[in-house]
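Here is the structure we will look at.
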Amino acid sequence: MTTDTTTLGTTVLDARGVTMRFGGLTAVRNVDLTVNSGEIVGLIGPNGAGKTTFFNCLTGLYIPTEGEVRYKGNILPPKSFKVTAAGVARTFQNIRLFANMTVLENVLVGRHTRTKEGLWSALLRGPGFHRAEKASRERAMELLEFIGLANKAEHLARNLPYGEQRKLEIARALASEPGLLLLDEPTAGMNPQETRATEELVFAIRDKGIAVLVIEHDMRFIFNLCDRVAVLVQGEKLVEGDSATVQGDERVIAAYLGEPFEDAPGDEEIAEVQAAEAQADTTTDAAPGKENDR
Ligand SMILES: Nc1ncnc2c1ncn2[C@@H]1O[C@H](COP(=O)(O)OP(=O)(O)OP(=O)(O)O)[C@@H](O)[C@H]1O
């Protein structure tokens, strides 16, 4: 799946040797990861594997103990608002909207890194301020159209259904006009329809020329969506490749034992298949992990 609007292959994000230690605990160990323009890259791994910690290292919330992170060739500054200004936006695992502000106001907040008008201009409310404010509102409304919330621009964020609140978070992140969007579990708590809509939204974002790096536990979502998937286990990158490669990798299957993929067969089905295979004197073509191939 490619996009017409970007040149595939230009490195947007380049994380090298990222390590994050908390006292004696190494949450992320020597992780390399690149995201190229036009790509949607997935980051998966069991609970506590270090995925969010890695995101925090990419977005200036944490300063990695070792390693460096470059965005379009430049080392990212160790402050989250500067990272956003540089072109990297993110959403969080837990919704962080301004609940008592309107939908439109939430998106306008996300635009502050792109608004040139300073404090004095805002206080004096001169013509420059009014022009900038009008342009910001127009852009925010465009984004709300794009994610399908324009008709709720004046609603309070707290009154939106859960799935729409998550969408609004994405719109707010997009308001900073990023070149790279990091999504931390965007479908957590969503029903299947909302998840499918989010999938379409992420494709549409990619088609606008924004590269995407996404953490998600929903394997079907990840494998449908991503051009490339990296697997973190206990802070280390275990495997990286396209969806088919990662789904078929026995180390990945082993890492997820006890936490099966959605729709993965239950123990009974596995036992049945194994018994049938043993009986049928099968060749090695019946590869382990095939059951997860969709
Ligand atoms: N600020 C912190 N201080 C100390 N330990 C931390 C901190 N943040 C994360 N950790 C630890 O680092 C490890 C990785 O946690 P992290 O939240 O990055 O995992 P994760 O892969 O995102 O998990 P999940 O899928 O459950 O969100 C865990 O052992 C966690 O307890």
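Quick note: numbers below take in every heavy atom, side chains included, and nothing from hydrogens, waters or symmetry partners. All ligand and atom numbering here is 1-based and tracks the order in the structure. Here the structure is a predicted model, which is why all the values come from computation and not from measurement.
- Here the straight-line distance linking atom CZ of F54 with atom NZ of K51 works out to 12.5 Å at 0.5 Å rounding.
- To the nearest 0.5 Å, the span separating CZ on R172 from CZ on F98 amounts to 5.5 Å.
- No donor-acceptor pair under 3.5 Å is formed between the side chain of T53 and the backbone N or O of A27.
- Just one of L143, T91, V202 meets the side-chain contact (heavy atoms from CB on, under 4.5 Å) condition when paired with I170; it is T91.
- A heavy-atom separation below 4.0 Å is found between Y62 and ligand 1.
- In terms of protein heavy atoms, atom 12 (O) of ligand 1 is closest to A27 CB, 3.3 Å.
- Looking at R111, its side chain does come within 3.5 Å of a backbone N or O of A175 through a donor-acceptor pair.
- Taking NE2 from H155 and CG from N106, the interatomic distance works out to 13.5 Å, rounded to the nearest 0.5 Å.
- Contact annotation for F55 and ligand 1: no heavy atom of the residue comes within less than 4.0 Å of the ligand.
- When only non-hydrogen protein atoms are considered, atom 16 (P) of ligand 1 lies nearest to T53 OG1, 3.6 Å.
- For ligand 1, the polar-atom distance check finds an N/O of G48 within less than 3.5 Å of one of the ligand's N/O atoms.
- For G50, a nitrogen or oxygen atom sits less than 3.5 Å from a nitrogen or oxygen atom of ligand 1, counting backbone and side chain alike.
- Heavy atoms of L25 found under 4.0 angstrom from ligand 1 belong exclusively to the side chain.
- Note on ligand 1: M20 sits outside its first shell, no heavy atom being nearer than 4.0 Å.
- The residue from Q93, E185, K51, Q234 that puts a heavy atom closest to atom 20 (P) of ligand 1 is K51.
- For atom 14 (C) of ligand 1, a protein heavy-atom neighbour is found at a distance under 4.0 Å.
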